[in-house]
Number of protein chains: 2
Amino acid sequence: MSLPSEKIQKILHQNFPQITEKGLQEEIAIIGKLMDFEAGELIMDYGSYVRMVPLIVKGCIKVSREDSEEGKELLLYLLNAGDTCSMSFTCCMLDKKSAIRTEALEATTIIGIPLKYVDSWMTKYQSWKNFVMMSYDNRLLEMVKVIDSIAFKGLDKRMEQYLKAITESTGNTTISMTHQQMADDLNVSREAVSRLLKKLEQINLVRLGRNQITLLG
Amino acid sequence: MSLPSEKIQKILHQNFPQITEKGLQEEIAIIGKLMDFEAGELIMDYGSYVRMVPLIVKGCIKVSREDSEEGKELLLYLLNAGDTCSMSFTCCMLDKKSAIRTEALEATTIIGIPLKYVDSWMTKYQSWKNFVMMSYDNRLLEMVKVIDSIAFKGLDKRMEQYLKAITESTGNTTISMTHQQMADDLNVSREAVSRLLKKLEQINLVRLGRNQITLLG
DNA sequence: AACATCCTGTGACATACATCACAAACTAAG
DNA sequence: CTTAGTTTGTGATGTATGTCACAGGATGTT
């Protein structure tokens with residue numbers, strides 16, 4: 001039976017080796033709040049009150065963008081254990097209509113860090129600064145990848161990337177989703193997804209079932 | 001007749017009011033290198049040797065993305081006086097094939113800061129840290145805007161944004177470009193641009209000439 | 001002035017995907 | 001078991017933009 005702060009210390013060692021400074025680890029252990037989310041649960045939506053940065057401990061978080069007017073959607077990237085969401089800084093400052101949405105793709109645990117510490121630790125702890133900067137860099141690169149996909153690639157390539165991203169992120173070759181959900185993530189029509197998946201099944205790249213796509217090979 | 005370092009100090013006051021600390025201003029004045037680029041000149045390309053972060057003093061810089069294989073291109077955003085290019089951090093680490101390109105859209109002056117200072121100032125100077133973080137935030141937001149445009153909008157809206165962005169950035173309602181160059185920036189065919197511009201001319205939104213588009217209204 | 005080159009305009013057709021319409025297969029609830 | 005709801009499959013048709021082909025105007029060069 002361990003105290004939550006001891007638990008957090010252990011987690012930091014396992015999942016956030018970049019956070020090296022003892023003092024920082026201790027502060028996080030005291031201040032950080034362990035939070036659990038169920039699969040499908042919304043973590044942050046349009047300019048929500050969540051003024052904290054999440055350190056992801058376990059599970060998988062889906063970050064997506066909504067079209068202000070037409071209810072369209074687009075998956076930006078997935079976050080896993082060891083990641084943080086640098087958009088959180090930015091998110092809180094965005095106007096409500098054009099927000100990023102963050103939801104748990106599967107059961108997920110995070111350590112929540114209140115924003116004010118995030119900022120003050122930047123100058124206090126070298127390893128925190130590096131962690132935050134690295135995270136920003138990663139996110140910028142993810143965004144560039146998204147832009148590449150939608151600007152330069154057809155649906156077939158995008159689907160391939162999408163399936164790979166999800167199976168890798170969840171560690172499960174079987175994806176439990178409807179075609180409609182996938183279509184929303186990719187911002188294309190459900191019919192286009194159905195037809196493309198059918199083709200992939202005929203080439204033996206996937207096996208299809210109701211609410212279920214299994215990536216083969 | 002002033003020394004370059006005095007000149008830089010003056011520039012900092014004018015264009016970078018966020019950089020408040022005296023010590024920081026002095027370091028920049030000593031270390032920073034004033035560099036001029038002509039219109040059209042390439043500032044940074046595929047994993048170039050440029051290991052510095054530019055503070056933009058005057059002019060306008062075009063940041064774009066190239067498709068690795070097919071020679072396609074896409075304008076990401078424009079930078080003006082007071083801006084910096086946060087992708088520079090990242091850029092140096094990217095593999096050559098999938099790089100960001102930075103070029104002067106008009107005669108442009110920058111202060112180049114060698115990367116090593118960029119990093120060490122983060123913990124040393126509060127206002128530098130804020131400046132860098134703000135710049136990252138801005139860039140992430142720009143990227144989100146780009147994603148919105150290409151994912152959710154048609155060419156007509158994109159063209160509108162594009163024309164506005166360029167005229168605002170250069171402060172000139174007349175744009176001196178060929179349709180082909182615009183098509184490259186927007187990653188569409190030249191014919192699509194020509195046809196759309198023709199329509200806009202018929203509604204009296206632009207006036208067209210050879211190598212020249214004037215935004216009316 | 002003659003010529004070559006660059007830029008723009010425009011028709012014809014191709015392609016990827018959206019939209020509409022509906023049927024068939026599966027699942028859950030009574 | 002029946003029925004209603006959800007998910008998937010598929011044809012027909014629409015739309016935006018790409019691609020190809022070429023002509024005419026603008027500009028620069030000798």
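Letters go in sequence order (proteins before strands), and every chain restarts at 1.
The side-chain hydrogen bond (donor to acceptor under 3.5 Å, both in side chains) search around B:Tyr162 returns B:Asp185, not counting sequence neighbours. Residues passing the side-chain hydrogen bond (donor to acceptor under 3.5 Å, both in side chains) test with A:Asp156, sequence neighbours excluded: none. Not counting sequence neighbours, the partners of A:Ala104 by the side-chain contact (heavy atoms from CB on, under 4.5 Å) test are A:Phe37, A:Ile43, A:Thr108. By the side-chain hydrogen bond (donor to acceptor under 3.5 Å, both in side chains) test, B:Thr170 pairs with no residue at all, sequence neighbours left out. Checked against salt bridge (charged side-chain N to carboxylate O under 4.0 Å, His left out), A:Glu191 has no partners two or more places apart in sequence or in another chain. A:Glu142 is linked by a salt bridge (charged side-chain N to carboxylate O under 4.0 Å, His left out) to A:Arg139, counting only residues two or more places apart in sequence or in another chain. Considering only residues two or more places apart in sequence or on other chains, A:Thr109 meets the side-chain contact (heavy atoms from CB on, under 4.5 Å) condition with A:Leu34, A:Asp36, A:Val57, A:Lys58. A search for side-chain hydrogen bond (donor to acceptor under 3.5 Å, both in side chains) contacts involving A:Glu201 returns A:Lys198, not counting sequence neighbours.
Proximity of B:His179 to the phosphate of C:dG9: a side-chain N or O atom is located under 4.0 Å from OP1 or OP2.
Nucleotide C:dC17 holds its P atom 19 Å from the NZ atom of A:Lys198, rounded to whole Å. Residue B:Leu197 contributes atom CG, which lies 15 Å from atom C1' of C:dT10 at whole-angstrom precision. Computed from coordinates, the B:Gln180 CD to C:dG9 P distance equals 13 Å when rounded to whole Å. The CG atom of A:Asn187 sits 12 Å away from the P atom of C:dC17 (whole-angstrom rounding).
Judged purely by distance below 3.5 Å, without hydrogens or angles, the side chains of B:Lys153 and B:Gln161 pair a donor atom with an acceptor atom.
Of the inter-residue distances, the one linking B:Ile203 atom CD1 with B:Leu216 atom CG reads 11.5 Å to the nearest 0.5 angstrom.
Put simply, chain A comes within 4.0 Å of DNA chain D, heavy atom to any atom, from D:dG5 to D:dA12, going 5' to 3'.
Sorted by first then second residue, the side-chain hydrogen bond (donor to acceptor under 3.5 Å, both in side chains) pairs that include residues 204-217 of chain B, not counting sequence neighbours, are B:Thr174-B:Thr214.
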Completion exercise
Expected string for nucleotides 19-30 of chain C under the B/S/- scheme (protein heavy atoms, under 4.0 Å, primed atoms plus P, OP1, OP2 as sugar-phosphate) is BBB---BBS---
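Sorted by residue number, the members of residues 154-166 of chain A with any non-hydrogen atom under 4.0 Å from DNA chain C read A:Gly154, A:Leu155.
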